[in-house]
Student: 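Structure in structure tokens, see below.
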Amino acid sequence: MSASSTPQLSKGQGISTLGFIGLGVMGEPMCGHLARRSGIPVLAHDLRPEPLERLAASGVKAASMQQIAASCDLILLSLPDGKAVAAVVGQLEPNLRAGQCVVDTSTSSVELTRQIGARLTEKGILYADAPVARTREAASRGELSIMVGATDDTFARVRPILETMGTDVTHCGPIGCGQVVKILNNMLVFQHCGALAEAIAIGRRNGVPADVLLPTMAMGSGDSFVLRNHGTKSMLPGTFPERAFSTRYAMKDLSYALEMAEASGLDMAAAKLTMERLKQADAAGYGDQYHPVVLKVIDPQ
């Protein structure tokens, strides 16, 4: 969906003001698309003034969390982790009223998500978990994949809002199911990065450099999104920037997958090995770098 093809939403849908809390790497472009494409006023909050200053050009107005809770019909969260989500919801909750809707686009634990959802639902406040996938470049283009956990009625209410930021908005089931899908998606990405790093290491030591190995595998059945993006754009040039999806963020998300596995009575050996490698990368000083930096642990140069 392009910006030009996104219809402006009608205030007649019962949404006169939108709120957005958390303007980080993903949240800032998401909020910008929301403001430009929805046709609805947007109030936003972040601990840093810089993203709010940039978003002012799109019509976004800075506000406190209390103002957002009191004024906005639908409030979106884009926060670093479940701990931050719990803290922000705790600050919003005293000022929320029945009929409002809270949508968490962060990646949080399934258990926490369902606890918050149950608590707000008891008060007549709608809740949806809607974590986002794809890259920060996709966020800047408004082409995210968004996985939603919500009731059918709540999904119908939030879907047009989410479609201002993403091209693929999927209803995965009741509250918490969006988080399940997102967490498992990320688990596969982290495991695939580890497997790709192993292939690069073996290739290097057997006469095939990565700049030959990766494009050749991309023409065969070993091709994948991870190979073409994490491999070709990061591992191949050895570029692991900060302010991307860091090793510590990967550890956080993978811990949610392992938490689900344990609660389900499953022993996920591959996921545990992936976590050990991420921990090794963090211990080696790569915690703030883009998570494919695990290559440096698997294949030290």
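Side-chain atoms are counted along with the backbone in the values below, which use heavy atoms only and exclude waters and symmetry mates. By convention here, the first residue in the shown sequence is residue 1.
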Student: Between Gln179 and Ser108, is there a donor-acceptor pair closer than 3.5 Å when you use the side chain of the first and the backbone of the second?
Tutor: yes

Student: Say whether, by atom type as modelled, one donor and one acceptor occur between the side chain of Ser140 and the main chain of Glu137 under 3.5 angstrom.
Tutor: yes

Student: Is the closest basic N to carboxylate O distance between Arg134 and Asp168 below 4.0 Å?
Tutor: yes

Student: Please report the interatomic distance CD1(Ile161) to CD(Glu163), rounded to the nearest 0.5 Å.
Tutor: 10.0 Å

Student: Check for a donor-acceptor pair, side chain of Thr105 on one end and backbone N or O of Pro131 on the other, with a separation under 3.5 Å.
Tutor: no

Student: Salt bridge or not for Asp288 and Arg243, using N-O below 4.0 Å?
Tutor: no

Student: Run the side-chain contact (heavy atoms from CB on, under 4.5 Å) check on Leu74 and Gln100 step by step: do they pass?
Tutor: CA-CA 6 Å; Leu74 189 149; Gln100 285 177 288; over 6 Å; no

Student: Measure from the side-chain N and O atoms of Ser38 to the backbone N and O of Ile40, and report whether any donor-acceptor pair falls under 3.5 Å.
Tutor: yes

Student: Kindly check if the number of other-residue, nucleotide or ligand heavy atoms within 6.0 Å of CD (Glu93) is above 12?
Tutor: yes

Student: Checking Arg136 side chain against Phe245 main chain: does a donor-acceptor pair fall under 3.5 Å?
Tutor: no

Student: Quick check: Phe190 with His291 (ring centres under 6.0 Å apart)?
Tutor: yes

Student: Donor-acceptor pair, His230 side chain versus Met235 backbone, under 3.5 Å?
Tutor: no

Student: I want to check something: taking the side chain as every heavy atom from C-beta on, are Val102 and Leu77 in contact at a cut-off of under 4.5 Å?
Tutor: yes

Student: Would the distance check show the side chain of Glu28 and the main-chain N or O of Leu55 forming a donor-acceptor pair, the cut-off being under 3.5 Å?
Tutor: no

Student: Is there a donor-acceptor contact under 3.5 Å from the side chain of Asp253 to the main chain of Ile183?
Tutor: no

Student: Can a donor-acceptor pair be found, under 3.5 Å and without considering hydrogens, that links the side chain of Lys61 to the backbone of Pro41?
Tutor: no

Student: So does Asp129 pair up with Lys182, basic N to acidic O under 4.0 Å?
Tutor: no

Student: Testing the basics here: between Asp282 and Thr247, what is the closest heavy-atom pair and its distance to 0.1 Å?
Tutor: N-CG2, 4.1 Å

Student: If you define the side chain from C-beta out and look only at heavy atoms, does anything of Met260 sit under 4.5 Å from Ser255?
Tutor: no

Student: Between Asp46 (side chain only) and Leu23 (backbone N and O only), is there a donor and an acceptor less than 3.5 Å apart?
Tutor: yes

